[in-house]
Amino acid sequence: MRPLSHSYFELPAADLAPKLLGKIVRKGACAGIIVETEAYATDAASHAFRITPRSAVMRDTYGYWYVYFTYGIHWCANVTCDKYGTCAVLIRAVEPIEGIPIMKRRRGTDVIENLCSGPARFAQAFGITGADSGKPMGGNCGLYDAPEILPEHVVISKRIGITKDTHLPWRFHVRDSPFASR
DNA sequence: CCATAGATGCACT
DNA sequence: GTGCATCTATGGA
């Protein structure tokens, strides 16, 4: 399994987000196919709207993990990108492929469709936390190459769970995937 | 099926 | 002190 070419991460988030659909994400014994992403740039909904110590990795890197804690409970995992800008792609849902028993144990459910169908569910199932933030792709945790999803199978819609700049069509998911969020 | 409330803690203002 | 790039349980139709 070949690591995703570093040139992918040079792209702005809105270009990279649909290209990550169909690619493999792996951490340790867990692996899956990315089926839903969102792009965040310097729009008002993004943590990069104003750079803080937490979000500085979005400005300073591309091809790194940016993992943040929210709602007192959840971790959400992004891939930083854009060689010349400040961007990240949020991984919102994944189709589980390997390490499914581990995911079931971490998530506390046997329902496969619920293991990784949401950004915090995915992070919990894969064991991704703040300890992974600020690290480059590769090693224990990274993205791997796989065939692209055909454009006619990519659904473009508005981002979910935000209150600002809700009009931007920056959510991408695989049509009819039972593993996407709802 | 849908809608709402509560959890829970940290970053940021 | 405010507000989350969320999830789950619960209650009603």
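Chain A is the first sequence line, chain B the second, and so forth, proteins listed ahead of strands; every chain is numbered from 1.
- Contact of the A:Phe69 side chain with the A:Thr129 side chain is not registered, since no non-hydrogen atoms from C-beta on lie closer than 4.5 Å.
- Taking 4.0 angstrom as the limit, A:Arg50 places none of its side-chain polar atoms (N or O) nearer than this to OP1 or OP2 of B:dA11.
- A straight line from CE of A:Met58 to P of B:dA11 spans 17 Å, rounded to a whole angstrom.
- Taking the side chain as every heavy atom from C-beta outward, A:Leu11 and A:Cys81 never approach each other to under 4.5 Å.
- Atom CZ in A:Arg54 sits roughly 11 Å away from atom P in C:dC4 (whole-Å rounding).
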query: Given A:Arg106 and A:Gln124, is the side chain to side chain donor-acceptor pair (under 3.5 Å) satisfied, shown in steps?
result: CA-CA 7 Å; A:Arg106 287 179 174 147; A:Gln124 185 182 29; over 6 Å; no

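- Using a 4.5 Å heavy-atom threshold, the side chains of A:Tyr66 and A:Arg54 count as touching.
- Taking every side-chain heavy atom of A:Ile73 into account, B:dA7 is the closest of C:dA5, B:dA7, B:dA11.
- Between A:Leu90 atom CG and C:dA5 atom P there is a gap of 10 Å when expressed in whole angstrom units.
- Among the nucleotides C:dT6, B:dC10, C:dA5, the one closest to the side chain of A:Phe69 is B:dC10.
- Taking atom CZ of residue A:Phe49 and atom C1' of nucleotide C:dC4, one finds them 16 Å apart after rounding to whole Å.
- If you check every strand for non-hydrogen atoms under 4.0 Å, A:Ala120 touches sugar and phosphate atoms only.
- Counting distance only, with no hydrogens placed and no angle test, the side-chain atoms of A:Tyr68 and the base atoms of C:dA5 include a donor-acceptor pair under 3.5 Å.
- Note: CH2 (A:Trp75) to C1' (C:dC7) measures 16 Å, nearest angstrom.
- Where stacking is scored as ring centres under 5.5 Å apart with planes under 30°, A:Tyr71 does not register as stacked on the base of C:dC7.
- In this entry the distance linking CZ of A:Arg182 with C1' of B:dA3 reads 13 Å, nearest Å.
- What separates CH2 of A:Trp170 from P of C:dA5 is a distance of 15 Å, to the nearest Å.
- Taking every side-chain heavy atom of A:Arg107 into account, C:dT8 is the closest of B:dC2, B:dT13, C:dT8.
- Looking at heavy-atom distances under 4.0 Å, A:Arg121 makes contact with sugar-phosphate atoms alone, never a base.
- A:Lys23 has its side chain within reach of A:Leu4: a pair of non-hydrogen atoms, C-beta onward, lies under 4.5 Å apart.
- Spacing between atom CG of A:Asn114 and atom P of C:dA9 amounts to 10 Å, rounded to whole angstrom units.
- For the OP1/OP2 pair of C:dA5 and a distance below 4.0 Å, the side-chain nitrogens and oxygens of A:Arg171 include no atom meeting the criterion.
- Using a 4.0 Å heavy-atom criterion, one finds that A:Ile162 contacts the sugar-phosphate atoms exclusively.
- Both distances falling under 3.5 Å, in either a Watson-Crick or a G-U wobble arrangement, occur for no nucleotide opposite C:dA5.
- Counting non-hydrogen atoms under 4.0 angstrom, A:Tyr40 reaches a base of the nucleic acid.
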